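Since this is a predicted model, take the numbers as computed values, not measurements.
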Amino acid sequence: MGMRGLGTRTVLYQQSVAASLGLYNNDFLSIDILHEKGPVTAGELSRLTGLTTGSVTSLIDRLEKTASCAGNRIPMIAEK
């Protein structure tokens with residue numbers, strides 16, 4: 001098994017974990033980036049994920065809604 005197989009299994013695992021948490025894969029990956037980098041602006045998150053700024057805005061809204069439903073807050077999005 002080569003690197004391609006490992007990469008494929010990693011992506012499938014990430015998708016499975018994200019789905020089990022009720023998240024989209026990009027949401028799950030963004031949370032991982034935020035935990036690693038700390039607070040970043042929406043523009044920086046857009047650059048790090050490759051998502052458009054509009055997609056990042058929707059992603060942030062989803063994460064904040066999910067977090068508030070769980071009684072938490074996403075403090076990792078820095079204000080511009």
Side-chain angles (χ1 to χ4, degrees):
M1 170 188 51
M3 291 301 292
R4 178 176 275 192
L6 177 61
T8 299
R9 281 196 311 284
T10 300
V11 169
L12 291 173
Y13 176 74
Q14 288 173 339
Q15 289 172 342
S16 176
V17 171
S20 73
L21 296 171
L23 298 170
Y24 294 106
N25 196 48
N26 284 332
D27 299 359
F28 181 74
L29 295 174
S30 296
I31 290 170
D32 188 46
I33 289 169
L34 292 170
H35 281 296
E36 180 182 322
K37 296 278 187 188
V40 298
T41 64
E44 181 72 3
L45 188 56
S46 173
R47 188 185 68 74
L48 291 168
T49 59
L51 298 171
T52 66
T53 54
S55 294
V56 168
T57 299
S58 296
L59 181 146
I60 291 168
D61 290 344
R62 283 192 308 274
L63 291 180
E64 287 178 342
K65 182 178 179 183
T66 301
S68 66
C69 288
N72 298 315
R73 189 173 168 275
I74 304 287
M76 301 278 204
I77 303 298
E79 296 298 323
K80 202 172 187 183

Once rounded to the nearest 0.5 Å, what's the spacing between atom [atom1] of [X] and atom [atom2] of [Y]?
X   : Y   : atom1 : atom2 : value
L21 : I31 : CG    : CD1   : 8.0 Å
N26 : S58 : CG    : OG    : 11.5 Å
Y24 : S55 : OH    : OG    : 12.0 Å
L48 : T41 : CG    : OG1   : 8.5 Å
E64 : L59 : CD    : CG    : 10.0 Å

What salt bridge (Lys or Arg N to Asp or Glu O under 4.0 Å) pairs are there with at least one residue in [range], not counting sequence neighbours?
range          : result
residues 46-56 : E44-R47
residues 18-27 : D27-R62
residues 14-26 : none
residues 48-60 : none

inquiry  = Please check if the number of heavy atoms outside F28 that lie under 6.0 Å from its CZ is greater than 12.
reply    = yes

Without placing hydrogens or testing angles, list every side-chain donor-acceptor pair under 3.5 Å for residues 10-17, not counting sequence neighbours.
| unit_1 | atom_1 | unit_2 | atom_2 | d |
| --- | --- | --- | --- | --- |
| T10 | OG1 | L6 | O | 2.8 |

message = The criterion is side chain to side chain contact (heavy atoms under 4.5 Å, CB included); which residues satisfy it with T57, sequence neighbours excluded?
response = D61

message = Please check: side-chain N/O of S46 versus main-chain N/O of A42, any donor-acceptor pairing under 3.5 Å?
response = no

Over all atoms of both residues, closest heavy-atom pair of T49 and S30 = CG2-OG, 3.6 Å

